[in-house]
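Scroll down for the structure; my scribbles are underneath it.
Because the structure is a prediction, the values reported are computed rather than measured.
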Amino acid sequence: MNAQAWMLLCAFLAVLLLLAVPTAAWLARVMEGRFALGARIEAPLYRLAGVRPQEDMGWLRYALALLLFNLLGTLAVYALQRLQAVLPFNPEGMGAIAADSAFNTAISFASNTNWQGYAGETSMSYLTQMLALTVQNFLSAATGIAVATALIRGFARGSSAGIGNAWADLTRVTLWVLLPASALLALFFVSQGVIQNLAPYQQVETLEALQYEAPRTGPDGAPLLDADGKPDMQPQQSRSQTLAMGPVASQEAIKVLGTNGGGFFNANSAHPYENPNALSNFAQMVAIFLIPAALCLVFGRLVGDPRQGWTLLAAMTLLFVLAVIALTHYEALGNPRLAALGVADGGNLEGKELRFGIAASSLFAVITTAASCGAVIAMHDALTPLGGAVPLALMQLGEVVFGGVGSGLYGMLVFALLAVFIAGLMIGRTPEYLGKKIEAYEMKMVAIAILVTPLLVLGGTALAVMADAGRAGIANPSAHGFSEILYALSSAANNNGSAFAGLSANTPFYNALLGVAMCLGRYAVMVPVLAIAGSLAAKKRLAAGAGTLPTHGPLFVTLLAGTVLLVGLLNYLPALALGPVVEHLALFGH
Amino acid sequence: MTRKTFTLFDPALAGPAAVEALRKLHPRVQWRNPVMLVVYAGAAFTTLLWLQALGGNGEASAGFILAVALWLWFTLLFANFAEALAEGRSKAQAASLRALKQESWACRVRDAEARGEGERIAANALRRGDLVRVEAGDDSQGLIPADGEVIAGVASVDESAITGESAPVIREAGGDFSAVTGGTRVLSDWIVLRVTANPGETFVDRMIAMVEGARRQKTPNEIALSTLLVALTLVFLVVTASLLPFSLFSVAAAGAGQPVTLTVLVALLVCLIPTTIAGLLSAVGVAGMSRMMQANVIATSGRAVEAAGDVDVLLLDKTGTITLGNRQAAAFLPAPGISERELADAAQLASLADETPEGRSIVVLAKQRFALRERDIAALGASFVHFSAQTRMSGVDMGARQLRKGAAEAIRRHVEAQAGHFPPAVQATVDEVSRRGSTPLVVADGGRVLGAIELKDVVKGGIKERFAELRRMGIETVMVTGDNRLTAAAIAAEAGVDDFLAEATPEDKLRLIRRYQDAGRLVAMTGDGTNDAPALAQADVAVAMNTGTQAAKEAGNMVDLDSNPTKLIEVVETGKQMLMTRGSLTTFSIANDIAKFFAIIPAAFVGTYPQLATLNLMGLTSPGSAILSAVIFNALIIVALIPLALRGVRYRPVGAAALLRRNLLVYGAGGLVAPFAGIKLIDLGLAAAGWA
């Protein structure tokens, strides 16, 4: 890492911390229901919906409420995509989305994954973008924060039957945190040049004629083949270009703030209308980490010991910085074969926006995969092998290095329970975390939560490499093709949503496989986490003494980071060895 | 009882354990341990692959498959051996207990007054509530047939069979010394006891059940840990199973090498799943109980032992635990007109024949203060007057001189009966001494009161250090005493306890325990009296003294056969050790996997991707030898860790953070590094033997 990369990283962390502290204070106030003015405004909404916000729910009811809420969201997104052709705000006359793609996208946006098998500007109407996708960006983020809040309550409360009210939690966080913050950020983005309109796409005449090749097509629209069986390519020339328009800024803000990551355009944040300059890029990066970082501090505040929150934040930061160093290092190293040819010596610029460069692209790649965002400003497929292994590994760790809004915190707390369990035994006490005993029931739920994603990723990848339909999507054969499939499954099952690209995933096979992976990866973790919350809330809070394991300070930070790394490594080392590691050794070997 | 202690691999135990290890290969036994069940299935599967290879169409050379299969069976046998060894130790302990349950006859009587006549009945036919008369040298040689409570008579009882303590103890009706245990023996006199336990429920029965059943009942932490181990096993099952399609894809993509063989996948799976801790888990539990037995503590369940490790408040009775059970003379406080030396002289004479610790301490104090030599009571022509419950005094008669010492009230009656007069100044001294929490004894010569002797509590030697140690363990000590606040505060300060409860009634004790528990603390206490029973029942860990009443023993979840209240500290340490051993072995087991990856992954895929040879960090000779070395290491490490599992990880009272740092370093970092060295060594060995 050069000085510029270090300075960027330090500036990023400094701004992040500076903003996280007040955000945490505000979040804690909202989630505790201490925002009185807000409560007065919410009251008529609750009356209308027949919700009693003071009513405490048991964990099962809380979970069912969230599942139902997300199911309705999924159905709405599906319906809007299928019906968009006959609905308004469709200046480009986009047709209905295919059933498999609509299924995949519906789950993708409800589960906060925002995996995009489609390209936004060529398939979605403005109404679908706004009402289906942007709305789910808010609601899936709110769901994550609600679950995290419920788990925090599990730790903070003692001998309590309930973990809060799901409807009140969803309403509060949406109205008083996500909406205002997104509105501010959207305005900022507009000031930087992000577009926000409902206008039809613009045709512009380019200064330079564009030369390109396109396959000759027959009367049925299928490409005609030449003698070798390859598409018959014909040279083309064009002086006109279509510029996609749309309500971008409003979706862009919540895309990053809610760690959603689903771009308005296919190029995502690499598109100048989504992310016009270095400042907007910096703001996007900070926005992605803001709520996950603040939630750690909210945790500390609500359990009555701020050090606990800072400890989680420190463990996440430690893993994050390691990842940034690794990725930036390998990108700066570049491709030795190209260097040998003397055509590239400034590191690996393939697949990167030149206006962002290596340092910012590397930092963004780590941020977007450390958090379960998935927005991109560079093609991850074009990263160096081990550089590309970093985003892959970050997702495979379970999206706990900051992670998704809410899901990052509860994922990290699941790892903390695991670390505390083993460490607690090692000091000769029944393990306890924040005065709550960790017993067989909690371990069972922790086991499920930690088991689900490796099962989905490894099982799904195995299925894809065995099935013809799975192998058909691979653009690059060999180890890189394997990495592409592994990346897609890791991204989906861990609800990240970024794509390695190179894999044609908008096929019925991948739409179905990844849809199931996203769904289980989200909800099969969320439910056990809520079960843990319920079980912990019911327990007495024991007093801490000199004999209790201190769960703050450097030792615990190391332990927690080590546990996350070890579990991730044990699960994925063989798969990584057959993908990026082999590629790296082949590239750098002799 | 001669309770045997065994060295670790005592041939008397190792032999039968080896046989038992084979017997445990029965699937029904393996079913209980899911992790080892996977090893079992893997071993059976590779054996089938070997048979297939013998038939000529194996996936690899028959010799290699056989070697892997054999070592998988060994892995299983080693784990069985560890369990059998631990159980063997327990069984030996149980057998010596069972010897107590010999056939015997009892004399059942109708009421406590009945003498001589009674019905002869087999001991095992006795029911709760039956009355039994036991006399030294009767039909059954004074053997007490069942647990019971003395309701009449007084006898000296030999309890060595249970406690290992050879000095007989007095058991009598009423009070805190009325409980007797079946299997002990009346040495002199007789008692009538009411049977308090039906056959099969007696104390010895419970001990045997506890010792033998230790492995059958999993403790809460063991269940939680087993859950984690099963989860890890499942993950690794998926990791290895997915490698087959990955390998098929890679071979097709690279167009080189062979797909990974099933033998290698099974080997990888067994190496990855936490066999080390799973194989030793039950041995750790059994050994923990066994260690408690060796410390002469009987726990009613493994859960109780584990809970002991969690305790953070200890309630300790002052008398007998913090202070010596007996008070010692500390000062002579003469009446007006009497010199201190005169008082000391009389007090010494009055105590010469008094063999009680208090009496001895008076003689010692007189010698220290005034160099008064002990005098021969016979030479003085004095006759000793024993303490009696009626007079509540003792002393000597020397001619006309009647020297007496006793409680103030008793002496007052004594002197007033002789027309003497109890000086108000002495009364004031007595009150003052009482207020200090000491015990005053008053000395009189005939009708003349000479003054008072102050008897003080003496804090046990070394107890302050133990409390400091407890504090470092994070355990708070609370002294409970019937003394007034002043005395209690003085002793508490001297002994270095964290807090004290003065003028404690049984209700106060109960309330104190509840208050601590409500504040989220776990409380341990010891007790012996019947009035301790409610508090014992409330406490999280309750150790009843074996000398205590039946009610106390039933309310507690442990019984200390030595009746040594400081034993609680050992109990806590044993509980902690059990958990620490499990945690450390788990950490070690998981950390080992990294090295095994580096041994097996390059070996399994180097044919497809030759570049992966770079990952062969250990420089293992050949792919076959790499895999075999990992499997062998995985099996041998179980044997290597048996001593640790049985002995337990040493507990050091250094505080949680320091302890964690240390154990993480030893078992975490050690677990990372050790297999690299171990696997390399085994590989070198295989290569040297030409098997690589």
Side-chain angles (χ1 to χ4, degrees), chain A residues 158 418 421-431 435 438-444 446-448 450-451 454-455 458-459 461-463 465-466 471 477-479 481-482 540-543 545-550 553 555 559 562 566 569-575 577-578 581-582 585-586 589, chain B residues 220-221 223-225 227-228 230-231 234-235 238-239 241-243 245-246 248-250 253-254 272 306 309-310 312 471-476 519-522 575-577 579-580 582-584 586-587 590-591 593-594 597 601 605 609 611-612 614-615 651 655-657 659-661 663-664 667:
Chain A
L418 184 67
F421 180 75
I422 295 175
L425 287 182
M426 270 202 287
I427 60 159
R429 281 175 71 96
T430 296
I438 312 306
E439 291 165 300
Y441 183 80
E442 289 78 32
M443 280 319 289
K444 217 176 284 171
V446 165
I448 295 175
I450 290 182
L451 260 174
L455 214 95
L458 295 174
T461 307
L463 195 66
V465 297
M466 290 314 287
R471 284 196 303 265
S478 162
F482 180 76
K540 252 196 324 206
R541 244 186 119 167
L542 304 176
T548 27
L549 175 76
L555 181 64
L559 179 69
L566 189 67
L569 218 56
L570 290 180
N571 287 334
Y572 295 106
L573 202 64
L578 292 181
V581 174
V582 161
L585 293 174
Chain B
N221 278 315
I223 294 172
L225 181 56
T227 311
L228 176 67
V230 169
L234 277 174
V235 167
V238 175
V239 168
S242 65
L243 276 182
F246 293 176
L248 288 170
F249 174 84
S250 301
L272 291 182
E306 236 181 46
D310 292 346
D312 38 25
R471 200 164 305 119
R472 283 198 299 275
M473 286 161 76
I475 297 174
E476 189 181 326
R521 316 288 289 272
L522 283 166
K576 284 187 180 297
Q577 268 194 322
L579 293 183
M580 281 169 55
R582 289 200 197 113
S584 303
T586 306
T587 309
I590 298 174
D593 283 356
I594 299 291
F597 267 136
I601 293 297
F605 296 106
Y609 294 120
Q611 306 91 332
L612 284 178
T614 318
L615 292 186
Y651 180 77
L659 200 59
L660 176 64
R661 197 172 305 123
N663 284 340
L664 265 182
Y667 298 99

Greatest number of heavy atom pairs closer than 4.5 Å to chain A - which of [options]:
options                        : result
B:D312, B:D310, B:L659, B:N663 : B:D310
B:G575, B:A241, B:A519, B:S242 : B:S242
B:L272, B:D593, B:V239         : B:V239
B:T614, B:L225, B:I601         : B:L225
B:T586, B:I223, B:L228         : B:L228

Chain B: which of [options] shares the most heavy-atom pairs with it under 4.5 Å?
options                        : value
A:L542, A:V581, A:L418         : A:L542
A:K540, A:R429, A:M443         : A:R429
A:M466, A:E439, A:R471, A:R541 : A:M466
A:L570, A:L559, A:V465         : A:L570
A:P454, A:P550, A:A447         : A:P550
A:I448, A:I422, A:L451, A:I438 : A:L451

So which part of [X] gets closer than 4.5 Å to some heavy atom of chain A, the side chain, the backbone, both or neither?
X      : result
B:L243 : side chain
B:I475 : neither
B:S250 : side chain
B:L615 : side chain

Contact class of [X] relative to chain B, heavy atoms under 4.5 angstrom:
X      : answer
A:Y441 : neither
A:L555 : side chain
A:T430 : both
A:K444 : both
A:L566 : side chain
A:V446 : neither
A:L573 : side chain

If you look at every heavy atom in [X] and [Y], which pair is closest and at what distance?
X      : Y      : result
B:M580 : A:M426 : CG-O, 3.1 Å
A:G459 : B:V238 : N-CG1, 4.5 Å
A:P574 : B:F597 : CG-CE2, 3.2 Å
B:N221 : A:F421 : O-CZ, 4.2 Å

Subject >> B:L234 CG to A:L455 CG distance, which is reported to the nearest 0.5 Å >> reply: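 If I round to the nearest 0.5 Å, the distance is 8.0 Å.
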Subject >> For B:R661, all residues meeting side chain to side chain donor-acceptor pair (under 3.5 Å), sequence neighbours excluded >> reply: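 None.
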**OP:** Quick one: list whatever passes ring pair (Phe, Tyr, Trp, His ring centres under 6.0 Å) with B:F246, sequence neighbours left out.
**Re:** A:F482
**OP:** Determine whether A:P431 and B:L579 make a side-chain contact, defined as any pair of heavy atoms from C-beta on separated by less than 4.5 Å.
**Re:** no
